[in-house]
> 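Right, I'll just put the structure down here and ask away after.
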Amino acid sequence: MRKIFLLLVLVISVLWLQPKRPVSAAHPASSPGELIAAVNALRASYGVAPLTAHPILMQTAQAQADFMAATGMITHTGPGGTSLTQRLLAAGYPLAGDLSLGGIRAENIIGAPGLTAAQAVQAWMGDAPHQNTMLNPNYQHIGAGVSKNGDTIYYVIDCAMPTGSGQQQPYTPEAPLGDPGISQYIVPVTINTPNPDGSIFHEVQYGQSLWSIAIAYDTKIDRIRQLNNLAPGSTDIYPGQKLLIDRIPTLIPVTPSATPLPPTPVPSPTSSPEPTGTPTATLEAVSPSGSDQAGAGAVVLVIFLALAVTGGIAWLSMRREAVNE
């Protein structure tokens with residue numbers, strides 16, 4: 001018993017002293033390289049040449065992802081109110097195009113809990129402007145940034161076309177440089193529970209888009225379009241609009257039908273003369289039935305036989321004792 005006890009103590013000690021394994025994050029973020037690979041895989045599926053990662057665009061995209069993670073805002077406006085074009089030129093990128101209109105560049109941004117690079121690309125495919133950022137054949141370079149704050153993961157891609165000379169155009173930083181990018185301000189989507197009939201509706205809030213609603217409800221944009229009779233490729237939704245998200249089959253309780261019981265026979269009343277006068281109690285002697293008399297005789301016979309056998313045994317015992325004397 002003592003050996004068993006010592007063995008148990010030894011096993012517990014070994015398990016206790018083992019190094020603890022690090023606990024992995026619940027929602028690991030994809031890397032910038034995975035994000036670029038996902039975009040180039042999309043371009044390949046459409047027969048478009050892949051984009052080349054550019055160090056300046058990698059820097060600007062990562063800086064914007066970190067800025068969004070730090071502020072909790074999903075915005076194209078950078079620190080100090082800078083636009084995408086201003087950030088690219090300030091970092092030294094040789095941006096092509098008319099700089100007064102912002103140049104040939106675009107930026108996609110997104111942020112959501114547990115988001116992966118593949119999901120980000122799928123979400124950006126929800127409308128034409130974000131598709132153009134990823135599929136425009138004029139763009140040659142790409143940069144990607146990933147940052148995380150709590151469970152929310154922020155992704156940014158900057159795509160641009162360089163000048164033919166590879167040199168920056170003259171520009172004045174104070175001059176207006178077009179719109180800051182593709183607006184994609186996101187309002188968190190609150191998931192509604194199914195109605196008793198299994199239907200799930202969502203009321204669109206300002207700043208919400210089809211793709212952000214589809215991600216929140218873990219469904220497809222095309223599924224929402226189909227349920228709400230929206231045109232293929234349409235992204236036109238408005239605040240206050242109630243969208244049917246899905247229909248969940250519900251079990252319909254079946255009430256068992258009552259089986260009619262057979263009618264209980266009702267005895268027909270028989271007419272009998274009503275007694276007259278005051279009834280009196282009459283005591284009648286009950287004679288035993290024939291079966292009772294037979295049973296009583298059997299009991300008497302058994303008792304007689306038992307006495308006879310007992311007497312015989314006693315007589316034999318007495319005689320045996322007399323002979324022995």
> Could you walk me through whether Thr163 and Gln168 pass the side chain to side chain contact (heavy atoms under 4.5 Å, CB included) test, one step at a time?
CA-CA 7 Å; Thr163 59; Gln168 276 192 319; over 6 Å; no
> State, with a plain yes or no, whether a side-chain heavy atom of Val156 is found less than 4.5 Å away from one of Asn108.
no
> Just checking, is any N or O donor in the side chain of Gln62 or Asp66 under 3.5 Å from an acceptor N or O on the other one?
yes
> Would Leu227 and Arg247 count as a side chain to side chain contact (heavy atoms under 4.5 Å, CB included) here? Give the steps.
CA-CA 9 Å; Leu227 290 175; Arg247 288 192 179 98; 3.9 Å; yes
> Kindly check if the number of other-residue, nucleotide or ligand heavy atoms within 6.0 Å of CG (Asp197) is above 12?
yes
> Measuring only between side-chain heavy atoms, which start at C-beta, is Leu243 closer than 4.5 Å to Ile213?
yes
> Look only at the side chain of Thr133 and the backbone of Pro129, and say whether a donor-acceptor pair between them is shorter than 3.5 Å.
yes
> Is a donor on one side and an acceptor on the other found under 3.5 Å between the side chain of Asn192 and the backbone of Phe201?
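It does hold such a pair.
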> Can you tell whether the side chains of Asp158 and Arg105 come within less than 4.0 Å, N to carboxylate O?
no
> Donor-acceptor check, side chain of Gln131 to backbone of Met125, threshold 3.5 angstrom: yes or no?
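Side chain of Gln131 to backbone of Met125, a donor-acceptor pair under 3.5 Å: yes, one is there.
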> Search all heavy atoms of Leu95 against all heavy atoms of Gly103 and return the closest pair with its distance.
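Closest approach of Leu95 to Gly103: CD2-CA, 4.0 Å.
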> What heavy-atom pair brings Tyr139 and Ala106 nearest, and what distance separates the two atoms?
OH-CB, 3.4 Å
> Output all residues satisfying ring-ring contact (aromatic ring centres under 6.0 Å, His included) with Tyr93, sequence neighbours left out; order by chain, then residue number.
His54, His141
> If only atom types and distance count, is the side chain of Gln64 paired as donor or acceptor with the main-chain N or O of Thr75 below 3.5 Å?
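Checking the backbone N and O of Thr75 against the side chain of Gln64, a donor-acceptor pair under 3.5 Å is found.
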> List the atom of Ala61, the atom of Ala144, and the distance in Å for their closest heavy-atom pair.
CB-C, 3.6 Å
> When you compare the side chain of Ile200 with that of Leu244, does any pair of heavy atoms fall below 4.5 Å?
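Not touching, per the 4.5 Å side-chain cut-off.
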> Of all the heavy-atom pairs spanning Gly111 and Tyr154, show the shortest one and how long it is.
CA-CD2, 4.0 Å
> Check whether any side-chain N or O of Arg223 sits under 3.5 Å from a backbone N or O of Ala214 as a donor-acceptor pair, and report yes or no.
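No.
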> Counting distance only, does the side-chain N/O of Thr71 pair as donor-acceptor with the main-chain N or O of Phe67 below 3.5 Å?
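Checked: pair present.
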> Give a yes or no answer on whether the side chain of Gln119 reaches the backbone of Thr116 with a donor-acceptor pair at less than 3.5 Å.
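Between the backbone of Thr116 and the side chain of Gln119 there is a qualifying donor-acceptor contact (under 3.5 Å).
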> Backbone N or O of Pro232 within a donor-acceptor pair of the Gln226 side chain at under 3.5 Å?
no
> Which heavy-atom pair separates Pro170 from Leu99 by the least distance, and what is that distance?
O-CD1, 4.0 Å
> Would Lys220 and Arg225 satisfy side chain to side chain contact (heavy atoms under 4.5 Å, CB included), going step by step from the backbone distance to the final call?
CA-CA 9 Å; Lys220 302 295 184 182; Arg225 290 181 180 134; over 6 Å; no
> Less than 4.5 Å apart, side chain to side chain, heavy atoms only: is that true for Ile157 and Trp124?
yes
> Can you tell me if Asn228 uses its side chain to pair, donor with acceptor, with the backbone of Ile224 under 3.5 Å?
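A pair under 3.5 Å: yes.
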> Enumerate the residue pairs fulfilling ring pair (Phe, Tyr, Trp, His ring centres under 6.0 Å) with a member in residues 215-242, sequence neighbours excluded, ordered by first and then second residue.
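Sorted result for residues 215-242: His202-Tyr217.
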> Do Cys159 and Met134 come within less than 4.5 Å of each other through their side chains, counting heavy atoms only?
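They are not in contact (no side-chain heavy atoms under 4.5 Å apart), so the answer is no.
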